[in-house]
> 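Can you keep this structure in mind? I'll have questions shortly.
Numbering of ligands and ligand atoms starts at 1, following listing order.
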Amino acid sequence: MVLSEEHQMIRDALRTFAQERLAPQAAKWDREHHFPKDELRELAALGAFGVAVPEEFGGAGLDYVSLALVLEEIAAGDGGTSTVISVNNCPVCSIAMMYANARQKEQWLKPLASGAMLGAFCLTEPHTGSDAAALRTTATRDGDHYVINGVKQFITSGKYADVAIVMAVTDKAAGKKGISAFWVPTTTPGYVVAGLEQKMGQHSSDTAQIVFDNCRIPAQNLIGEEGMGYKIALSGLEGGRIGIASQSVGMARAAFEAALAYAKDRETFGQPIFQHQSVQFKLSEMATQIEAARQLILHAASMKDAGLPCLKEAAMAKLFASEMAERVCSDAIQVHGGYGYVSDFPVERIYRDVRVCQIYEGTSDIQKLLIARAL
Ligand SMILES: CC(C)(COP(=O)(O)OP(=O)(O)OC[C@H]1O[C@@H](n2cnc3c(N)ncnc32)[C@H](O)[C@@H]1OP(=O)(O)O)[C@@H](O)C(=O)NCCC(=O)NCCSC(=O)CCS(=O)O
């Protein structure tokens, strides 16, 4: 896909920001498990919180191709930061755009898309991730309120978010059609950050377990109608998968660029290792794989922008990009030799950061299942 001039400008602006403000600090944030509040505020000013949300709802008024480019650039600077931004855009803002009513758009979408608020998405539970319909959290109607009880697991921004979209069972007998979606401000009594995960990577983004302990919210916080929650969650994940795929490409590119620079600098047998054909071939393969993944993403994103169904294409993009990214990051370590295995060079951190892209927002096997259904 040939990028328009506008898309190139968006990409270049985010690249400059990510390389100046994120990349130089990524290793420190990884060591210190630092949540980059200041830089997120700057990203909000650049329109990164609601890239594909129309301006009238606080967003940047761009499209999914722009969102893919923005996420690739942020991820090339810091993986954890790109996850926070990705989840805020999709599923959170995308669900709000599609299913929130006018009052909810005013109350939640506008601040989420402008970056005045940060959003989280509470679907996964301790005993169920891939089998999302098996969730057990309940929302019981009590007059003008719902009372939510249950536990949510692996929630990106669970600690720092201002509001969460929460999926809960309102009618157990109805199965998938008995799940509903709610806006839950994180300051609501009974929204409890029970713990933060000690993760392999992405230390600049918090991943929390949230306990809902008699968490009482106004009935008007229901999104859509009762029973629509599962559909709402799956539709949000469609765009989310384009986002995770874009992050994968961003991190793979950062590892590739580090490997290329190292190969041109490091000498063995009297010449830079880049002059050895084995290293050239490895770098050529890496560059090709990154470009192939990027084109799958831009294809899925442009279908979404055209209003076409793209569940299969988004799944293909996520599957290919996330698996490619681990291989490329591993090869980047190999090019660095022993230095790739230590934290003096960025590839060790990026390899840890990228691994989860094959897991969150649908594992590789879930993507294969979705693709198979469309064959
Ligand atoms: C494994 C699954 C794919 C199984 O899905 P199902 O077979 O149970 O679902 P369906 O019957 O196909 O669909 C139910 C319902 O939803 C509608 N639907 C489906 N997809 C879409 C869409 N893209 N847009 C709109 N609507 C959609 C479908 O038409 C049906 O509606 P009707 O009943 O016909 O009206 C699925 O369970 C799955 O994807 N599992 C993986 C879950 C997952 O990715 N979890 C990760 C969550 S997030 C996370 O990892 C934490 C990180 S973070 O903080 O974000």
> In the single-linkage hydrophobic clustering (I, L, V, M, F, W, Y; side-chain heavy atoms under 4.5 Å), do Met324 and Val335 co-cluster?
yes

> Using a threshold of 4.0 angstrom between heavy atoms of the protein and any atom of ligand 1, which residues qualify?
Val87, Phe121, Leu123, Thr124, Gly129, Ser130, Ala132, Phe154, Thr156, Lys176, Lys177, Tyr230, Lys231, Leu234, Ser235, Leu237, Glu238, Arg241, Leu311, Tyr360, Glu361, Gly362, Ile366, Leu370, Arg373

> Checking Tyr160 against Leu40 for the side-chain contact (heavy atoms from CB on, under 4.5 Å) test, could you report, in this order, the C-alpha distance in whole Å, the side-chain angles of both residues, the deciding distance, and whether it holds?
CA-CA 12 Å; Tyr160 292 104; Leu40 286 168; over 6 Å; no

> Aromatic rings His203 and His33: how do their planes relate, parallel, tilted or perpendicular, breaks at 30° and 60°?
parallel

> Can you run down the ring pair (Phe, Tyr, Trp, His ring centres under 6.0 Å) pairs that involve residues 81-110, sequence neighbours left out, and say none if there aren't any?
Trp108-Trp183

> Please identify each residue that fulfils ring pair (Phe, Tyr, Trp, His ring centres under 6.0 Å) with Tyr191, with sequence neighbours left out.
Phe212

> Does Ser114 have any side-chain hydrogen bond (donor to acceptor under 3.5 Å, both in side chains) partners at least two apart in sequence or in another chain, and if so, which?
none

